[in-house]
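Okay, so here's the structure we're looking at.
Values below: every heavy atom of this structure, side chains too, minus hydrogens, waters and symmetry copies.
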Amino acid sequence: MEEGRESGEAQGWAGGNPLAEQHAAHRERLKQLKDIVAKETDPRIQIWIRVKWGGERAMDVGRELGYRDGSGVLQVIKRLEHPHADPRLRATLAWIRNEVSGVES
């Protein structure tokens, strides 16, 4: 151990690894998102969940769906989030936000 540095316990960290706890919370959130995507029938909402909440790159999702790049995916998201979008879609997005927010760290 370097001089002048103390161990985590000596610095007053009470048991548990905060980084490990963050990773566990992140894994739980991703599992919940995968479950929601699997149940969702609207491909637009699946895209929105994967990119906005799952952290997947729009380009990767787009290529998986047969697009040349991520611009089509970003356009889908933009239309879903538009204030004049279908109220049922907006309600679904709000429900998903609430579901996922309860798991965030």
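Note that the CG atom of L30 and the CZ atom of R50 stand 12.0 Å from one another [nearest 0.5 Å]. To the nearest 0.5 Å, atoms CG (D42) and CG (L93) are separated by 9.0 Å. Distance check, rounded to the nearest 0.5 Å: CD of Q22 to CZ of R29 gives 12.5 Å. Here E40 contributes atom CD and I49 contributes atom CD1; the two are 5.5 Å apart, rounded to the nearest 0.5 Å. Atoms NZ and CD1, from K52 and I45 in turn, are 14.5 Å apart once rounded to the nearest 0.5 Å.
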Only distances under 3.5 Å count here; give the side-chain donor-acceptor pairs of residues 76-84 to other protein atoms, sequence neighbours excluded, each with its distance to 0.1 Å.
{"residue": "E81", "atom": "OE2", "partner": "W48", "partner atom": "NE1", "Å": "2.9"}
{"residue": "H82", "atom": "ND1", "partner": "H84", "partner atom": "N", "Å": "3.0"}

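Using a 4.5 Å cut-off between side-chain heavy atoms of Ile, Leu, Val, Met, Phe, Trp and Tyr, with links allowed through other members, M59 and L74 fall into different hydrophobic clusters. Grouping the Ile, Leu, Val, Met, Phe, Trp and Tyr side chains by contacts below 4.5 angstrom, directly or via other members, places V61 with Y67.
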> Which is it for D35 and K39 under the salt bridge (charged side-chain N to carboxylate O under 4.0 Å, His left out) test, yes or no, and what are the steps along the way?
Replying inline: CA-CA 6 Å; D35 291 345; K39 292 176 187 173; 6.0 Å; no

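Remark: the backbone N or O of Q32 is not paired with any side-chain donor or acceptor of E99 at under 3.5 angstrom.
Applying the ring-ring contact (aromatic ring centres under 6.0 Å, His included) criterion to H23, with sequence neighbours excluded, gives no partner residue.
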